[in-house]
Amino acid sequence: DGCGHTVLGPESGTLASINYPQTSPNSTVCEWEIRVKPGQRVQLKFGDFDIDDSDSCHSSYLRVHNGIGPTRTEIGKYCGFGFQMDGLITSKSNEVTVQFMSGTHTSGRGFLAAYSTTDKSDLITCLDNASHFSEPEFNKYCPAGCVIPFADISGTIPHGYRDSSSLCMAGVHAGVVSNTLGGQINVVISKGIPYYEGSLANNVTSKVGPLSASLFTFKTSGCYGTLGMESGVIPDSQITASSILEWSDQTGQVNVWKPENARLKRVGPPWAAFISDEHQWLQIDLNKEKRITGIITTGSTLAEYYYYVSAYRISYSDDALKWTVYREPGMDKDKIFQGNTELYQEVRNNFIPPIIARFFRINPLKWHQKIAMKVELLGCQFSIGRAPKITMPPSPPRNKNDDKNDDSSDDFIHSVKTSLQTDKTTFTPEIKNTTVTPSVTKDVALAAVLVPVLVMVFTSLILILVCAWHWRNRKKKTEGTYDLPYWDRAGWWKGMKQFLPTKSAEHEETPVRYSSSEISHLRPREVPAMLQTESAEYAQPLVGGIVGTLHQRSTFKPEEGKEASYADLDPYNSPIQEVYHAYAEPLPITGPEYATPIIMDMSSHPSTPLGVPSISTFKAAGNQAPPLVGTYNKLLSRTDSTSSAEALYDTPKGQPGPGAAEELVYQVPQSVAHSTGSKDD
């Protein structure tokens with residue numbers, strides 16, 4: 001009568017003294033016989049040990065034996081308050097006997113221990129939590145039987161569990177290990193959150209928890225996506241039931257709670273059976289075989305109809321004719337799943353190992369008032385080829401009532417073995433839609449690689465073509481019909497600027513200001529540096545007749561069919577022999593983008609009248625006008641005669657004469673109606 005919490009699995013288990021963790025009663029005894037597969041050995045680990053040692057282990061103690069029965073041999077006898085046992089106790093065979101004796105004592109909690117086969121080197125107990133380990137990620141083996149009433153957990157998946165929670169109990173709640181089998185867990189530690197939700201899953205209730213420094217989650221196979229009840233991927237025609245609740249309310253409206261209403265989180269009434277008995281069922285056709293890892297259920301979700309299912313059984317089939325009732329491996333009884341405790345809360349149950357089937361059936365066994373529920377299935381696609389079926393030996397005669405549940409046991413074992421092949425942990429659990437087939441997934445992965453490569457190739461080709469086109473146009477410009485005297489590095493930029501908005505007329509008519517005393521000392525090539533206003537990019541020559549008003553940015557292309565040329569004779573007779581062209585050169589890069597000013601030389605013509613100033617585009621020695629050979633009209637030249645019919649330029653503003661001020665302001669040339677000839681000496 002001294003046995004407490006006990007779960008003895010085929011490869012691992014948990015055992016504790018009676019009334020643990022409270023003081024164990026006096027004069028009690030318990031003996032556990034543990035067997036594992038032949039050829040394996042047993043290892044025992046204590047999570048807590050607190051046994052009275054006042055009489056030197058005479059009346060209260062824990063004794064461990066190799067073997068079972070009269071031939072067993074003692075491994076050790078243990079007692080003590082807060083006794084810390086280093087390492088594991090290992091047997092020499094596949095059988096162990098554990099004996100607990102409690103004599104007369106006033107204190108002592110007793111003990112809690114876990115066992116497993118020796119190949120599970122990372123065995124922990126149900127009392128271990130995340131704060132006992134310093135690694136950010138680690139793997140441990142949880143024994144069977146860690147759903148214990150004296151341990152607490154806070155949190156849920158996928159958000160995580162509070163660091164004070166029992167690792168193995170949280171693993172059962174998350175659905176990564178089975179309480180009857182135990183299993184491997186892969187734990188990841190991360191920063192805590194302010195609030196931990198509570199939920200009911202796999203017969204484990206998680207409580208609401210406060211802020212903690214850290215939390216932990218589990219890496220799993222990731223096969224926990226929804227299979228299409230909520231999203232509608234499963235059509236209404238594939239959801240059927242044994243019966244449908246239908247009635248008329250007080251207003252005369254007919255209410256029908258059809259099977260297709262059994263979609264989780266769908267607003268409205270649920271599915272409800274017309275008759276509430278253990279023969280009712282809700283069936284879902286997945287259209288093809290799927291790996292089903294869990295189920296989530298709720299009640300009616302309607303406050304005025306307090307209906308829900310509190311316990312149910314699961315069956316599955318490949319053809320909807322031959323059904324198999326779900327059982328846990330090694331168990332000879334159907335597994336009864338805990339359902340809802342009220343009509344709103346979502347309750348999750350996981351299948352370990354998963355179910356491999358196309359047809360899935362829920363058989364309610366207990367309910368509140370009426371059978372009513374909404375469901376969602378969890379799982380993923382199944383693509384692994386099935387293993388050959390295992391032939392079962394002839395079984396003894398059985399009751400006809402049992403045939404419905406047991407005549408397909410070979411299919412059940414086959415499904416279990418196939419599922420165990422992939423029951424490995426790989427990454428954090430994540431709820432996701434898994435309706436894409438594996439073959440499509442491979443195509444998507446291939447496309448994800450090819451699309452960026454093709455985009456890069458086409459982009460490169462386009463860039464090459466654009467660069468070639470630009471280079472060709474640039475070459476044509478350098479070899480154009482204008483025959484510029486030299487190539488300026490800023491030519492490309494200046495060519496581009498013709499597409500930009502031109503300057504306003506306001507700036508075009510801005511007068512040029514310069515000092516006549518400074519200009520008289522400058523050479524013709526130095527004059528452009530004196531400009532201080534924004535004007536055209538190129539100078540506008542003084543031409544008349546055919547050539548009218550020219551655009552601000554023109555370089556004065558000659559007429560088609562004729563080449564612009566210069567006179568054989570030097571018409572400028574300047575001290576420094578330089579050739580000036582018939583139209584302006586592009587401005588240098590470093591120079592301002594202003595027109596070359598029109599310079600007036602009055603030093604050699606003292607007799608020129610004040611009202612008719614002499615003008616010239618270029619400075620020349622003497623008073624000879626330079627004739628220009630070509631189709632354009634002759635350039636305006638300086639004159640020393642006072643008989644000109646009209647002046648081409650206005651007189652300086654506000655000045656009585658050229659000698660009256662140091663600084664002159666000249667206006668833009670007035671429009672020329674006809675060509676003006678130069679007067680010979």
Side-chain angles (χ1 to χ4, degrees), residues 135-139 157-160 174-176 184-191 215-235 238 286-294 354 356 358 376-387 418-479 489-500:
E135 302 93 334
E137 183 174 343
F138 54 86
N139 291 283
I157 56 171
H159 306 296
V176 297
Q184 200 79 23
I185 60 172
N186 189 338
V187 182
V188 178
I189 308 295
S190 57
K191 186 178 180 180
L215 60 79
F216 64 90
T217 55
F218 300 97
K219 286 188 176 182
T220 72
S221 62
C223 189
Y224 294 94
T226 57
L227 293 182
M229 285 292 288
E230 178 186 347
S231 64
V233 172
I234 300 174
Q238 293 176 203
L286 298 174
N287 199 37
K288 63 180 179 179
E289 283 189 344
K290 299 287 181 69
R291 184 185 302 276
I292 309 169
T293 59
I356 309 298
R358 171 181 172 177
E376 178 63 277
L377 299 182
L378 306 177
C380 58
Q381 301 292 335
F382 176 69
S383 60
I384 301 176
R386 283 199 152 197
T418 304
S419 302
L420 287 175
Q421 295 175 3
T422 58
D423 191 19
K424 296 181 179 179
T425 59
T426 54
F427 53 86
T428 308
E430 181 179 359
I431 301 301
K432 58 185 178 182
N433 193 332
T434 57
T435 57
V436 180
T437 59
S439 60
V440 175
T441 303
K442 292 180 181 178
D443 295 340
V444 171
L446 182 62
V449 176
L450 290 179
V451 169
V453 173
L454 292 175
V455 169
M456 292 177 63
V457 170
F458 283 115
T459 303
S460 301
L461 290 175
I462 292 172
L463 289 175
I464 291 172
L465 291 174
V466 170
C467 293
W469 177 82
H470 176 70
W471 176 83
R472 181 171 174 271
N473 288 348
R474 183 173 180 177
K475 186 176 181 181
K476 281 185 177 181
K477 286 183 179 181
T478 58
E479 299 173 357
R489 290 186 181 180
W492 180 83
W493 166 242
K494 297 180 183 298
M496 290 297 295
K497 291 183 73 173
Q498 65 182 326
F499 298 103
L500 301 177

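- Counting all heavy atoms, side chain and backbone alike, Leu227 lies closest to Cys380 at CD2-N, 3.8 Å.
- The backbone N or O of Gly222 sits less than 3.5 Å from a side-chain atom of Thr220, completing a donor-acceptor pair.
- The heavy-atom pair separating Gly160 from Leu215 by the smallest distance is CA-CD1, 4.3 Å.
- Within the model, atoms CD1 of Ile185 and CZ of Phe216 stand 7.5 Å from one another, a figure rounded to the nearest 0.5 Å.
- Atom OG1 of Thr217 sits about 8.0 Å away from atom CD1 of Ile189, to the nearest 0.5 Å.
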Query - From CA spacing to verdict: side chain to side chain contact (heavy atoms under 4.5 Å, CB included), Ile292, Leu286 - result: CA-CA 10 Å; Ile292 309 169; Leu286 298 174; 3.7 Å; yes
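- For Gln238, the side chain to side chain contact (heavy atoms under 4.5 Å, CB included) test picks out Ile234, Pro235, Asp285, Asn287, with sequence neighbours left out.
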Query raised in the report: Hey, mind stepping through Arg358 and Lys290 against side chain to side chain contact (heavy atoms under 4.5 Å, CB included) and telling me if it holds?
Result: CA-CA 6 Å; Arg358 171 181 172 177; Lys290 299 287 181 69; over 6 Å; no
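- Pairing each heavy atom of Leu378 with each of Tyr224, the nearest pair is CD2-O, 3.9 Å.
- Here the closest non-hydrogen pair linking Arg291 and Cys223 is CD-SG, 3.6 Å.
- Applying the side chain to side chain contact (heavy atoms under 4.5 Å, CB included) test to Val455 and every residue at least two apart in sequence or in another chain returns Val451, Thr459.
- No donor-acceptor pair under 3.5 Å is formed between the side chain of Glu289 and the backbone N or O of Ile356.
- For the pair Val188 and Phe218, the minimum side-chain heavy-atom distance is 4.5 Å or more.
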